Amino acid sequence: VTELVDGPTERASLERARLRALLVDAAGHSEADGRPFADLSVGALVATAGISRSSFYKYFHDKQGFLLAVADDVEEQFLAAARAWLDLPAAATREEYAEAFGAIFAAYRQRATAIRLVTDAAAYDDAVAERFGRMMDRFVDAIAHHVAVATHASEELSRDLATWITWMLELGQAHLIADAAPDEQAVHAETVATLTWKMLHQEPGA
Amino acid sequence: VTLSESRTARRLAHAERLRRGAADLAASGERLHHVSVERLATASGMSRATFYIYFDDKAELVRVWATTLADDLLGVLERFATSHAADAASHAAWQQLLADLHAVLVAHATTVAAVREIEPRDTQLRRLVATAEARVREHLRVLLLAWQATGDVDDRLRPEAASGWLSALILRTLERTAADGDERATERLLAVGAQALAAALSRSVVDDVRRPDDAGRRASGDQ
C-alpha cells in the first residue's frame with residue numbers, strides 16, 4: 001500500500017532533484033560564459049540544461065521557484081554535513097575539528113554553484129533573500145547550540161559567537177573553498193579548525 | 001588644477017549626490033536595480049543628461065561608490081596595521097578596529113546594498129570587490145607574519161590561509177550588523193567578535209584537549 005501511495009511521489013521528487021541538478025550545472029556554465037544567471041531567461045536556462053520548457057514548469061513555478069528549491073536542498077545538505085562538527089562532544093580535540101571541517105568543505109564544494117546562485121539572488125530578490133535569511137538563522141542556531149555545549153556560555157553569548165562563525169564560514173567557503181585544490185582544502189580545514197577551536201576553548205585574555 | 005583633475009572632482013561630487021538620492025529611494029523601499037537612471041537622477045536633483053556626462057550606466061556609478069568604500073575600509077585597516085605592527089593587537093585594539101570598520105560600513109550602507117545588488121550582473125564590480133578583499137587579506141597576512149615573528153600569535157596558523165578566514169570573519173558579519181541598525185546588539189556582538197579574534201590568534205594554548213574532566217567524560221562515552 002505504501003508503495004502505491006509513495007511510489008509516484010518519490011519518483012516525482014527524484015525527477016525534480018535531477019532537473020534541479022541539471023539546471024544548477026547549466027547556470028554555472030552560463031556564468032562561466034559571461035551570462036549571469038540574473039539575466040538568463042527560463043528559455044535560455046532550459047536550453048543550456050538540455051531539458052524541455054514544459055519539464056521545467058512541471059516542477060518549478062518560475063526562476064524564483066527554482067532558486068527556492070535549490071535553497072531547500074542546500075540547507076538540508078549543509079546541515080547534514082555540519083553534523084560532523086556540531087555533534088562532536090564538548091571535549092573534542094582540534095584534530096577532530098580539522099577532520100570535521102574537511103568533510104564540511106567537501107560537501108560545500110559539491111554544491112558551491114548552487115549556494116552561489118542563492119546568495120547572489122538574495123541580493124536582489126526579496127523572496128530569495130527571506131529564504132536565505134531563514135537558512136542562515138538555522139545555521140546560527142545549530143552552531144550556537146554547539147557553542148553552548150562546548151563552552152557553557154550563556155545563550156546570548158553563544159549566539160553572538162555563533163553569528164561570527166556562521167558568516168565567516170559563509171563568505172570564507174565561497175571565496176576560499178569553492179575553487180580550492182585538494183591540498184589547499186586540507187590547509188583551510190586545519191586553519192578553520194584552529195581558529196574556531198580556540199575561539200571556543202582558549203581562555204580569554206590569555 | 002588640470003582639466004582632468006577638476007573633472008574627476010566633479011565626477012566624485014556627482015557620485016556623492018547620486019548616493020544620497022539612492023539612499024532616499026532605498027528608504028522608501030525602491031531597489032537600485034529596479035530604479036531607472038532617469039528616476040535616480042531626478043531624485044538626486046540632476047538631469048538624466050548630466051548623469052550620462054559622468055557615468056556610462058548605473059553599474060559604473062556603483063563602481064565609483066565601491067571604490068570610495070574600499071578606500072575608507074582600507075584606510076582604517078592601514079592605521080590599525082601601522083599602530084600594531086610591533087606587537088599583537090589586544091582585545092581592546094580588535095574591538096576598536098571592529099567599531100571603526102562598522103562605522104565606515106554604516107556610513108556607506110547604500111553602497112554596500114548597491115554593490116551586493118549589482119555585483120551578480122557586473123563582472124567589473126565583482127573584480128573590484130575581489131581586489132579590495134585581497135588587499136584586506138594582505139594587510140592581515142603581513143600582520144600575522146609579524147606577530148608570529150614576535151611570538152605573539154599561534155605558529156600553527158598559516159598566515160596565507162588564516163588571513164582569508166579572518167577577513168571573511170570581520171567583513172561579512174560587520175556588513176550584516178551595519179544593515180541591521182540595532183546599536184545595543186551590535187555593541188555586544190563587536191565585543192564578542194574582538195574576544196573571539198584575540199582568543200583565536202593568541203599564542204598561549206590550552207593544548208589540544210580542553211580539560212581533564214571533559215576528556216574523562218568523553219572517554220567514558222558521556223557526550
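Every value quoted in this text rests on a predicted model; they were computed, and no experiment measured them. Letters go in sequence order (proteins before strands), and every chain restarts at 1.
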Which residue out of [options] racks up the most heavy-atom pairs below 4.5 Å with chain B?
| options | result |
| --- | --- |
| L176(A), T194(A), L161(A) | L176(A) |
| E170(A), Q173(A), R159(A), R116(A) | E170(A) |
| L171(A), I165(A), T119(A) | L171(A) |

Inset, instruction - Check the angle between the aromatic planes of W165(B) and F105(A) and answer parallel, tilted or perpendicular using the 30° and 60° thresholds. - result: parallel
Part of [X] within contact of chain A (heavy atom distance under 4.5 Å):
| X | answer |
| --- | --- |
| E133(B) | side chain |
| L201(B) | both |
| L98(B) | side chain |
| R176(B) | side chain |

Counting neighbours of [atom1] on [X] that are heavy atoms of other residues, nucleotides or ligands and sit closer than 6.0 Å, is the number greater than 12?
| X | atom1 | result |
| --- | --- | --- |
| E60(B) | CD | yes |
| R134(A) | CZ | yes |
| R109(A) | CZ | yes |
| E16(B) | CD | yes |
| E99(A) | CD | no |
| R138(A) | CZ | no |
| H84(B) | NE2 | yes |

Given heavy-atom pairs under 4.5 angstrom as the criterion, report whether the side chain, backbone, both or neither of [X] touches chain B.
| X | answer |
| --- | --- |
| L40(A) | neither |
| H188(A) | both |
| T196(A) | neither |

4.5 Å side-chain heavy-atom contact, [X] and [Y]:
| X | Y | answer |
| --- | --- | --- |
| T173(B) | T166(A) | no |
| R156(B) | K198(A) | yes |
| R188(B) | L157(A) | no |
| D39(A) | R121(B) | yes |
| M199(A) | L169(B) | yes |
| W164(A) | L189(B) | yes |

Can you see which heavy atom on [X] is nearest to which on [Y], and at what distance?
| X | Y | result |
| --- | --- | --- |
| D120(A) | R126(B) | OD2-NH2, 2.9 Å |
| G172(A) | A168(B) | N-CB, 3.6 Å |
| L195(A) | A200(B) | O-CB, 3.7 Å |

Legend entry - Ring-face cation of R116(B) near Y124(A) (centre distance under 6.0 Å, axis angle within 45°):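 Not satisfied by the 6.0 Å and 45° rule.
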Legend entry - Option that, when pairs with chain A are counted at under 4.5 Å, heavy atom only, ranks first among G193(B), G164(B), S167(B): G193(B)
Inset, instruction - Just jot down the ring-ring contact (aromatic ring centres under 6.0 Å, His included) partners of F78(A), sequence neighbours excluded, or say none. - result: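 So F78(A) forms a ring-ring contact (aromatic ring centres under 6.0 Å, His included) with Y108(A).
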Inset, instruction - Starting at NE2 of H33(B), measure out to CG of D125(A) and round the result to the nearest 0.5 Å. - result: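 It comes to 10.5 Å.
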